[in-house]
Amino acid sequence: MVNGDGAHENVEDTESKQDGNGEVDGGEESNEQEVIVIQDTGFTVKIQAPGTEPFDLQVSPQEMVQEIHQVLMDREDTCHRTCFSLQLDGNVLDNFAELKSIEGLQEGSLLKVVEEPYTVREARIHVRHIRDLLKSLDPSDAYNGVDCNSLSFLSIFTDGDLGDSGKRKKKGTELEQIDCTPPEHILPGSKERPLVPLQPQNKEWKPMQCLKVLTMSGWNPPPGNRKMHGDLMYLYIVTVEERHVSVTASTRGFYLNQSTTYTFNPKPANPSFLSHSLVELLSQISPAFKKNFTALQKKRVQRHPFERIATPFQVYSWTAPQVDHAMDCVRAEDAYTSRLGYEEHIPGQTRDWNEELQTTRELPRKNLPERLLRERAIFKVHSDFAAAATRGAMAVIDGNVMAINPGEETRMQMFIWNNIFFSLGFDVRDHYRELGGDAAAHAAPTNDLNGVRAYGAVDVEGLYTLGTVVVDYRGYRVTAQSIIPGILEREQEQSVIYGSIDFGKTVVSHSKYLELLEKTSRPLKVQKHSVLNEKNDMVELCSSVECKGIIGNDGRHYILDLLRTFPPDLNFLPVDGEDLPLESQHQGFPRQHRHRLACLRQELIEAFVEHRYLLFMKMAALQLMQQKANKDTKTDTPNGECKSPLEGKELEESIPGLSQAKELAASLVAEDGSDPKSREVVLNACKAVGSICNTSFDIRFNPDIFSPGVRFPDDSADDVQKQKQLLKDAAAFLVSCQIPSLVKDCLDHSALPMDGATLTEALHQRGINVRYLGTVLEFVDKTPAKAQLEHFYRIGISELITRCAKHIFKTYLQGVELSALSAAVSHFLNCFLSSFPDAVAHLPPDELVSRRKSRKRRNRVPGSGDNTAWASLTPSELWKNIGSEAQSYYHFAIQCESVDQVVEKYGLQKTNLLREISIKTGIQILIKEYNFDSRHKPAFTEEDILNIFPVVKHVNPKASDAFHFFQSGQAKVQQGFLKEGCELINEALNLFNNVYGPMHVEICACLRLLARLNYIMGDHPEALSNQQKAVLMSERVLGIEHPNTIQEYMHLALYCFANGQLSTALKLLYRARYLMLLVCGEDHPEMALLDSNIGLVLHGVMEYDLSLRFLENALTINTKYHGSRSLKVALSHHLVARVYESKAEFRSALQHEKEGYTIYKNQMGEAHEKTKESSEYLKYLTQQAVALQRTMNEIYKNGSNASIMPLKFTAPSMASVLEQLNIINGIIFIPLSQKDLENLKAEVQRRQQLQELGKNEEPSEDKQEIPTRLKEGGESTNKTES
């Protein structure tokens, strides 16, 4: 009955909930049963490798034999073997078999590792593995953004692993040896924002050299007669001792041969030594290798696994140090053998991506183990596809792939590489001419990707979408898609059997497609509708006209071109003769946009429908009440009841008894509508909210309304009118509800963006597109409480400016040839950020003047124009362009001619602007201190630009079962059932690991909540271990200075402190503060929390003066952002007073505590315990002050022979500091009796009912009762979703 797939039910009701695919889920009961079956049957096997003692290995029946291979290749004592088989009682085990399917394999079985003969492929894998082992501590792969490596710096601040160090040190002695003084730039009020500390030097990374050179020899490949002696390939090696050797890889292993650089002699050298492993051979001939390799492996195994596991998608770092370029055979070979992805592991060379993507979708999904397997396969293929598509897109733009239509001009070329189809984001053949040309062609791929994401999430059996990845690289947008089998052999006209290829002039439909799309219609809110084709016949569709259906040669039904899955956004689509609602008109809508493809986000559609549903219930309830009131006199429903759905607002909560009526309405809507009275009520309510059906609430949109070229049959005119109204209402809803609610959330700090990315996320969660950024900023500007939104405004301005700069940079880069790239990028950054007024571009010097001026080639790489137009850009011109771009795209006036004016006017930081523009455009710069403000020389030179990376958008497949467990766990925690919550979340963690592997954003959220629960339940070491994983994972998956990572650092510091590791806690807090200063500056509400934490820890280690600097800064920020009467400010005053007390400065202490007392008294009343506590503390302070004064007087009067009363100067106890730390971090321990618990549960349930009835008035921040405090953990985890 309810639209939106159960969106209105609570998570608890999953048992009865129908799944979107029409299968009834067995609900949680069966899930948990299934889960238990999966997990509890691990067993141990013994493993015997040549030359080592047998050891035990814990395995689970689900694992494949291959996973044991991986473990052995990672273990310190067996890591140098790659070419072996595992044998059980002399039988070789199949690599791809699951352990449970192997006969005779049980607890205690002995598996033997048996060396196998090499092949060329195996020899290559071996050399590559040895190279990986030699480079395992070297961060250059992470800096270069390859092989899913990324940076992590946590271990530098914790000196290795947290768990052990806590046990070794004695807790008592730790106080004396802490040096607490932070570096100058971290102190409150410091203006410098250095870049270098972002990547502290890791002592571990000083590479221990094992070899000087290891490369392929020039004698490859072996001649025929040597092949027949078993030679596979030759290596050339220079040892640390400067010994040059040539090595033969043969089928039996590795040995030295007698070749030199210039003479080929394949005979074994004397003494001959054949070794199955290259490591053993090198250890024989080079003592330095033996010593350093062993040490290196020891260090490698000591690192936390999360520091070295590959991430599922590549993370790029926008800064890097100067790394020496070393000779590296494998990397060199990769570059020339064009290793496409990983096909050396796969028979048949290149992968058939389409087949893999679609087959994984077809896997069965009836029960939990099947769904886990399916989701895991889907996720794996997606992450591989994204990596391959990214490499391909870069190769295309760098000019390394031949076009399939080489005769055409470069913008029109298309490419195929590794079974992926690539096209450029330009308007070829005037396809988008009426929709905005190139601008539309640039927007279409991301819209299409959103469509693919939406259909993929609905996951209807039998309906297939293409693997799609959108890559922005060097100013070009490349769309990478998997290839429908057979599509390249046919003309498009023949293959499209559903939809339109010319935007609605000719349209066809197909019954099977209608049937499949009908299933997506409810979750995606798409209305089935008819349009006219060129012969004026009616054609029925259940999607937008551009959505094309093609049956591939594999018989699958594909849909593509999903760019109009969601309805158009009328605020940015002026239509003649159509007026928008007043709410939109007041804000200056409709506005002209670059293209006509602007559509509403899925989140907005969901929110709008949800809003209408509440309205629908209210209307029904009101009518019921009226019927009750009019029972005696038979009157009809009062007139004017259903004029417009928006009238419902005035009818809000003013009427008594509405809630009972609502319950009635709910029951009435659930009936089959047999009672005529109730049918009328529902009918009226349906009409009022624009439901497409008269007997139940159901809102859907027709995505073709307002599409040029689409014509509707006359008999659906009414319907079209209704749909137009619905679209106008949705557009008005965005402006009148969603934007104000975002601002309200920022005011009460339930949304806390810290940088551009988190701001964008906050907008998107509420369904607001980024093109509304200017509107949002203007709204903030007009808000009375503007001062409390300063942080939000500042982040918004810097986001708006860097996005405008990105738009300009995109076209700027397209005109730059490859050889001038670093010069052009550094010139752009100088114009953008440097105060130097006449930045001059360094044209690449003509040291390489070619003899003949090359003749113009027709077929050039996109962007190999020999133009140097980019060099003429000046700072004033760039800033003028940014201003006009802001005006035309965001309708926002910046009114600044230079970077310094902007920084001055809006309080921005240049390092922050640099970070934002680099992340958005993929620039990587050298990490050093830049002098932006010099008026004599530009800040950047071309040597400072290290790399340019792609910016990649792709679908993120979800682990649905795990996510359900996670949500139920969160719900349980919020109701105060910590233990059950903890179990559910542990379960979710297992399932997430099962689907995503060990590294993923959602696992990070899971670990953070788990650590919080461990902490609340008193298990500090466990909390530490989980939070440490969360920090490492956040650094690796989101980035070392992502706002999420900063928060994880803060949580970890708290648990460290609780565990008695004070110096570590301080180091972590200082790191968090440094990152926060870099990312958003000091003036941010979150900074107050961080500074309170630092101040408290410093207080605990008796650094009073330092402590005061941080606490007083926190007080200032809290007062600014929460208002001087807020409880947070009262708490800040109290913390400051405590430090003054410890310094025996009682007058200042009293002053602050009085402020706090006044706030408590006014907000909570005299009787509240907080007020009483504060008043007690005031009395105590006054006594201390009087005692001190007496003593002083005594000394003045009697000189040195005064009898002095001993004064109590107390250093704070660690327990009292920890108690305050818990309070400010929103963690509350509740010593409750059974009765209290019952009351609490009742209270929580009451609240939930209230919320479900849509009385969404939040409890005001001051009356925070326990349940809302516990929510914190839940809310913060939600931030990482989306």
Side-chain angles (χ1 to χ4, degrees), residues 175 178 180 188 1012 1015-1016 1018 1020 1023 1050-1062 1065-1066 1068-1069 1072-1073 1085-1119 1122 1126-1143 1145 1148-1150 1152-1157 1159-1160 1164 1168-1178 1180-1181 1209-1231 1261-1262 1264 1266 1269-1270 1272-1273:
L175 274 180
I178 302 180
C180 303
R1012 201 178 177 93
Y1015 181 69
I1016 291 178
H1020 293 177
M1050 283 164 65
H1051 293 310
L1052 184 61
L1054 172 66
Y1055 308 153
C1056 274
F1057 186 89
N1059 226 17
Q1061 293 163 291
L1062 276 60
L1066 258 182
L1068 294 169
L1069 286 169
R1073 191 170 210 273
E1086 217 27 20
M1087 192 54 102
L1089 177 61
L1090 182 50
D1091 281 355
S1092 304
N1093 273 303
I1094 297 177
L1096 274 168
V1097 175
L1098 287 168
H1099 187 194
V1101 297
M1102 300 191 289
E1103 286 277 346
Y1104 302 135
D1105 292 336
L1106 209 50
S1107 166
L1108 274 177
R1109 288 187 69 171
F1110 287 101
L1111 288 176
E1112 288 183 326
N1113 191 49
L1115 175 60
T1116 315
I1117 296 177
N1118 271 335
T1119 312
H1122 292 272
S1126 127
L1127 295 183
K1128 277 210 164 54
V1129 176
L1131 185 56
S1132 267
H1133 277 300
H1134 175 63
L1135 298 180
V1136 174
R1138 286 178 36 149
V1139 183
Y1140 276 123
E1141 178 213 340
S1142 299
K1143 288 181 68 178
E1145 295 182 19
S1148 307
L1150 274 165
H1152 278 288
E1153 191 55 42
K1154 272 191 190 126
E1155 293 277 343
Y1157 173 71
I1159 296 173
Y1160 284 131
M1164 323 280 264
H1168 195 276
E1169 59 175 314
K1170 278 281 180 211
T1171 322
K1172 287 182 185 154
E1173 271 171 31
S1174 180
S1175 131
E1176 289 297 306
Y1177 186 54
L1178 275 174
Y1180 167 73
L1181 285 176
F1209 286 127
T1210 45
S1213 70
M1214 284 303 146
S1216 73
V1217 172
L1218 187 57
E1219 184 190 354
Q1220 297 296 332
L1221 276 171
N1222 288 330
I1223 292 174
I1224 62 171
N1225 287 297
I1227 292 179
I1228 291 195
F1229 298 96
I1230 326 169
E1261 122 183 271
D1262 305 328
Q1264 270 193 323
I1266 295 153
R1269 277 292 174 84
L1270 273 175
E1272 222 274 2

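Bear in mind the structure is a predicted one, so any value in this text is a computation, not a measurement.
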Rounded to the nearest 0.5 Å, what separation is found between the [atom1] atom of [X] and the [atom2] atom of [Y]?
| X | Y | atom1 | atom2 | value |
| --- | --- | --- | --- | --- |
| R1138 | L1111 | CZ | CG | 9.5 Å |
| L1069 | I1094 | CG | CD1 | 5.5 Å |
| H1134 | Y1177 | NE2 | OH | 6.0 Å |
| M1050 | L1054 | CE | CG | 9.5 Å |
| L1089 | N1225 | CG | CG | 5.0 Å |
| E1153 | E1173 | CD | CD | 10.0 Å |

Indicate yes or no for a side-chain donor-acceptor contact from [X] to the backbone of [Y] under 3.5 Å, with no hydrogens or angles considered.
| X | Y | result |
| --- | --- | --- |
| S1092 | A1088 | yes |
| N1059 | Y1055 | no |
| S1174 | K1170 | no |

Residue pair Y1015, H1051: steps toward the ring pair (Phe, Tyr, Trp, His ring centres under 6.0 Å) verdict: CA-CA 10 Å; Y1015 181 69; H1051 293 310; 9.8 Å; no

Results of ring-ring contact (aromatic ring centres under 6.0 Å, His included) for F1057 - residues two or more places apart only: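 Applying ring-ring contact (aromatic ring centres under 6.0 Å, His included) to F1057 gives none.
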
ring-ring contact (aromatic ring centres under 6.0 Å, His included) involving Y1157 - partner list, sequence neighbours excluded: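 Applying ring-ring contact (aromatic ring centres under 6.0 Å, His included) to Y1157 gives none.
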
Nearest atoms (heavy-atom pairs only) where [X] meets [Y]:
| X | Y | result |
| --- | --- | --- |
| H1099 | S1142 | NE2-OG, 2.9 Å |
| S1107 | G1095 | OG-O, 2.9 Å |
| C180 | L1098 | CB-CD2, 3.7 Å |
| M1214 | G1100 | CE-O, 3.1 Å |
| L1068 | C1056 | CD1-SG, 3.8 Å |

Any residue meeting side-chain contact (heavy atoms from CB on, under 4.5 Å) with A1130, in chain and number order, not counting sequence neighbours: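 Scan of A1130 (side-chain contact (heavy atoms from CB on, under 4.5 Å), adjacent residues dropped) gives I1159, Y1160.
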
Within-4.5 Å side-chain heavy-atom neighbours: V1217 and V1097: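 Of all side-chain heavy-atom pairs linking V1097 with V1217, none is under 4.5 Å.
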
K1143 side chain reached by D1105 side chain, heavy atoms, under 4.5 Å: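 Result yes, sub-4.5 Å side-chain heavy-atom pair found.
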
Pairs meeting criterion salt bridge (Lys or Arg N to Asp or Glu O under 4.0 Å) with involvement of residues 1089-1099, two or more places apart: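 Passing the test, one end in residues 1089-1099: R1073-D1091.
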
Test log, rule side chain to side chain contact (heavy atoms under 4.5 Å, CB included), inputs N1118 and L1131: CA-CA 10 Å; N1118 271 335; L1131 185 56; over 6 Å; no

Plane angle bin for H1133 and H1152 - parallel if under 30°, tilted between 30 and 60°, otherwise perpendicular: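 Ring orientation, 0 to 90° scale: tilted.
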
Set of residues satisfying salt bridge (charged side-chain N to carboxylate O under 4.0 Å, His left out) with respect to E1176, sequence neighbours excluded: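 Per chain and number, E1176 pairs via salt bridge (charged side-chain N to carboxylate O under 4.0 Å, His left out) with K1179.
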
Partners meeting salt bridge (charged side-chain N to carboxylate O under 4.0 Å, His left out) with E1155 (sequence neighbours left out):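 E1155 satisfies salt bridge (charged side-chain N to carboxylate O under 4.0 Å, His left out) with no other residue.
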
Candidate pair V1136 and L1108, rule side chain to side chain contact (heavy atoms under 4.5 Å, CB included), full reasoning: CA-CA 7 Å; V1136 174; L1108 274 177; 3.9 Å; yes

Evaluation steps, side chain to side chain contact (heavy atoms under 4.5 Å, CB included), between T1119 and L1115: CA-CA 6 Å; T1119 312; L1115 175 60; 3.9 Å; yes

